[in-house]
Structure formats: structure tokens, C-alpha cells
2 protein chains.
Amino acid sequence: MAEGVQYRRGNLREALLDRAIAVLRERGADALSLRELARDVGVSHAAPARHFADRGQLLDALSVAGFAVLAERIRDAVASDDEPGVRARRAADAYLDFAIGEAKLVEVMFRHEDGRDAEAIGRSATAAFAPIQDLFPHDEEGRAATVFLATLQGIAGLVNCGVVPAESVPGLADDAIARFFAPGADDEQGGGR
Amino acid sequence: MAEGVQYRRGNLREALLDRAIAVLRERGADALSLRELARDVGVSHAAPARHFADRGQLLDALSVAGFAVLAERIRDAVASDDEPGVRARRAADAYLDFAIGEAKLVEVMFRHEDGRDAEAIGRSATAAFAPIQDLFPHDEEGRAATVFLATLQGIAGLVNCGVVPAESVPGLADDAIARFFAPGADDEQGGGR
DNA sequence: ACCTGAACACCGTTCAAGT
DNA sequence: ACCTGAACACCGTTCAAGT
């Protein structure tokens, strides 16, 4: 009852990643073991080394995959011709849904580990966040967009660690949107109007 | 060259925690091993079990200790008779300093782990954040305070994971303070004035 | 009460060897 | 090119036994 995607040769890397994401969701990053993944997928314990030089590279691959999914969610959310506040609200909801629904994965994605491939992860993260930058056209330094993003990530973090109950998320999102997208909210930040 | 606080009998728990915080700062939570701590402190590998039933309880204890330090930093920062915006700015700086300076510890503090003692950690977290709630006297539901806190935590998180460079923190803090404490910033949130 | 030593069942990682 | 099997040095956790 362990394997979700059968290993059929040539796709060991994919099979390991698929199984890894399942274990991650169920039991968290600390429970991820290369040996167990190999066992689940029906391969020798040394086989994963060919595709992931060490455990850290597996986590890096999961992070990049996670940011790719997040990028899609955000892209879909902002894709409309509505006013910025409405699009921002959709982006916020999409972000919070993902960051809270996939809490364990998001924790890995935002992990600060010394041996990580910061280059690849940073690239995929920046790409995922680009549509949010576009919601602040007058924000040349990207401050407002970054702080808005930080606010969303922070709300998700407080919920995920249990400090804030999940039921209060919609209200918190209301407050955040009002602060960043109320008429004139940008006036003090030097962004023109 | 390992031991920082010598174990002198009767304080094994303290000695292990002191050594643990040092290892955590140097090499991160994943590198924390009960056996290594026992070795560093000069005790048998089974001795820690008396004080921490498992590895998770060690992390819980580190979290509670971390929130105690954070509580002190926040308390000191808001302790003045200045206007709320100034006190909030000091609290924000203190929070960001701590959350970025002690990134590895903060990651443990905000970790979402299934077997954690959510009761004790939640209590110490709420206590640490209480002074920030007080900065929003008209915020009866605690929304503004929570979102402000989320914003700070989010900024620290983005810096710690490498998405945002540390140099931009002061500018981001400026933006955040302006959104939450500019004259009239509370008007739209139903907080009266 | 507090700690030790041995034991068990796991890990990650490496490396010769197979096909 | 890709995988296996054995090997090494680690883990966490438990538990009888010592003082």
C-alpha cells in the first residue's frame, strides 16, 4: 500500500519525486528517507543516489516543483481584466489556499538550508511571484509587492504553526487587501497614483 | 572544542539545551542529534532521554526558550511613551533583528510538526506577541495586529530563504509601518479613531 | 533519582561489481 | 547508463542494570 506511481524504468526520478511528495504531505519533511522511498518504489536503497546526490537535492527538487505549482495558481488567479484590487484578492486567496493546504511542502520551499541550490530555487520563486509584482504598477522598487507577499506568507505561517486559527484567514485577508489596495493606499509610499 | 557549558550534575537538561542552541545556530535543526549533544556534554547517549523523551521534545523546549527571548525583545522595544507609530517601528526592528539574526531558531519556533506540544508553544508565542496587540487599541478582533505581525514574520521569512536581500529590510519595514500606522491607516478597517 | 551499556531497527553515503 | 549488495559510520529509542 505504499507505491502510488509504479516505477517502470527510465522514470525513477519521477517515481521517487511522486512518492516523496506523498510522504511529505502525510508525515512531513523529517520523515523523508531516501531508503524508504527506494523501498516504496521497488528499487535498491542505493539507486536514488544516481538521481539525487544527497537528501538535500531531493528537497531542492521538491521545492522547485512546488514553486512551479504555486506559479500556476498565481498566474491563473491574476488572469482577468478586473481592477487590481479584485485580482489581488484572487491572488491572495490562491496563495493562502496553497500555502495552508500544502503547509508541509511550503515549509520545505521556504527552508533556509546551507547546502541548497539557492540559484535554482530563487529563480523558480521569483518566477512564481512575478505576477504579484505586476499588481503594483507604480511600485518601481518592488517594495509594496514584496511586503504584500510577505504579509500573505506570514498569515499562512501563523496559521500553519497554530498561532492563528484557520477560520480567521478570510478576515485577515480582507484586512491585508484593504491596506494594500484601498483607494489611496499607495499614496504615502511614493508610488504616484 | 565542543562543550560550551560544562555539565556539573543536576543541570543536564540546561547543559543539553545550551549546547543544542549552539549547534542549531551553527548547523541548523536537521543537524541536531541527541547522541551528539550527549557526547558534547560528556554523558552517555541514553542520558538525554530522562530529560527529553524524544527529539521532538528537545525542539519544543528550544521553541519555548526562543519565544521567551523574543518576548523580552518585543517588550523592551515597545516600552516607551512615544506615539504608537514610533513604538511599532521599534517593535518591528526588534522583531526583524531577532527573526533574521536567529533564523534557524525561528524556523524551529514556527515549525508545524504533528507531535509538538502545541499547548505550551502556543502559550509562549501568544505571550510574546501580546505587546504588539496593544499597539492597536481600536482593533478588537486582533486582525490588524495579527496582519502586522504576519507582515513582519513574512519579511523575515523571505529574507531568510534568500528571496529578498537583507539590505532591503529597512525599506520594507518603512513600507509596512506606513501601511499600518500612517495617520488614518486604520479608518477602513472599522477601528474608529 | 539519575545515569550507563548493550541492543535493535533504522538512516545517508560510498563503491566495487554486475547487466 | 543504470542499478545492486555490501560496507561504514552514524542515528533514535528502549531497557535491564548499576550507583
Side-chain angles (χ1 to χ4, degrees), chain A residues 1-3 5-24 26-63 104 107-108 111 113-117, chain B residues 1-3 5-24 26-63 104 107-108 111 113-117:
Chain A
M1 61 160 163
E3 40 269 279
V5 169
Q6 275 301 359
Y7 165 55
R8 280 193 188 86
R9 178 186 219 111
N11 64 329
L12 178 54
R13 189 188 148 95
E14 310 301 319
L16 289 168
L17 281 176
D18 279 349
R19 181 63 196 145
I21 184 91
V23 172
L24 179 60
E26 285 167 28
R27 311 194 329 255
D30 284 359
L32 274 176
S33 140
L34 291 171
R35 284 180 106 111
E36 182 183 313
L37 295 176
R39 234 180 289 131
D40 289 348
V41 120
V43 91
S44 100
H45 68 258
R50 201 71 40 175
H51 303 280
F52 306 104
D54 56 29
R55 198 174 169 279
Q57 290 200 4
L58 172 71
L59 295 179
D60 286 356
L62 288 172
S63 297
K104 307 253 173 85
E107 196 177 307
V108 170
R111 195 106 116 191
E113 209 74 38
D114 287 336
R116 303 198 70 169
D117 184 355
Chain B
M1 57 161 167
E3 40 269 277
V5 168
Q6 276 300 0
Y7 165 54
R8 279 192 189 87
R9 178 186 220 112
N11 64 330
L12 178 55
R13 189 189 149 95
E14 310 302 319
L16 290 168
L17 280 176
D18 279 349
R19 181 63 195 146
I21 185 92
V23 172
L24 179 60
E26 286 167 28
R27 315 197 321 262
D30 284 358
L32 274 177
S33 139
L34 290 171
R35 283 180 106 111
E36 183 184 310
L37 295 177
R39 234 180 288 130
D40 290 348
V41 120
V43 91
S44 103
H45 69 258
R50 202 70 40 175
H51 302 280
F52 306 104
D54 57 28
R55 198 173 169 279
Q57 290 201 3
L58 172 70
L59 296 178
D60 286 355
L62 288 171
S63 296
K104 307 253 174 84
E107 197 176 306
V108 170
R111 195 106 113 190
E113 209 75 39
D114 285 338
R116 303 198 69 168
D117 184 356

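Here B:Glu36 pairs with B:Arg27 in a salt bridge; the nearest charged N to carboxylate O distance falls below 4.0 Å.
Per the geometry, CG belonging to B:Leu59 stands 13 Å off C1' belonging to D:dG12, to the nearest Å. When the P atom of D:dC11 is taken as reference, atom CG of B:Asp54 falls 17 Å away, rounded to whole Å. Separating the NE2 atom of B:His45 from the C1' atom of D:dC10 is a distance of 13 Å, rounded to the nearest angstrom. Between A:Leu16 atom CG and C:dG12 atom P the separation is 12 Å, expressed in whole Å. Counting to the nearest Å, the P atom of C:dC3 and the CZ atom of B:Arg13 are 13 Å from each other. Whole-Å rounding puts the B:Glu36 CD to D:dC11 C1' distance at 11 Å. Rounded to whole Å, atom P of D:dC3 lies 12 Å from atom CZ of A:Phe52. Residue A:Asp30 contributes atom CG, which lies 13 Å from atom C1' of C:dC11 at whole-angstrom precision.
Looking at which nucleotide of DNA chain D each of A:Leu12 and A:Arg35 is closest to, the 5′-most match is held by A:Leu12. Each of B:Gly56 and B:Arg50 was matched to the nucleotide of DNA chain D holding its nearest heavy atom; the match closer to the 5' end belongs to B:Gly56.
Within the 4.5 Å cutoff, no side-chain heavy atoms of B:Val108 are placed close to those of B:Leu32.
In this structure, the separation between CZ on A:Arg116 and CD on A:Gln57 is 11.5 Å, given to the nearest 0.5 Å. The distance from the CZ atom of B:Arg55 to the CG atom of B:Leu37 is 9.5 Å, given to the nearest 0.5 Å. Taking CZ of A:Phe52 as the start and CG of A:Leu34 as the end, the distance is 8.5 Å to the nearest 0.5 Å.
Candidate nucleotides C:dT14, C:dC2, C:dT4 were compared by shortest atom distance to the side chain of B:Tyr7, and C:dC2 ranks first. Considering only the side chain of B:Leu34, D:dT13 comes nearest among D:dC2, C:dT14, D:dT13. The nucleotide whose nearest atom lies closest to any side-chain atom of B:Arg55 is, among D:dG5, D:dT13, C:dT13, D:dT13.
The side chain of A:His51 places an N or O atom within less than 4.0 Å of a non-bridging phosphate oxygen (OP1 or OP2) of D:dC3. In this model, the phosphate group of D:dG12 is approached by a side-chain N or O of B:Ser33 to a distance below 4.0 Å at OP1 or OP2.
Both distances falling under 3.5 Å, in either a Watson-Crick or a G-U wobble arrangement, place C:dC15 opposite D:dG5. Across every strand in view, C:dC10 sits unpaired, with no contact that passes the Watson-Crick or G-U test at under 3.5 angstrom.
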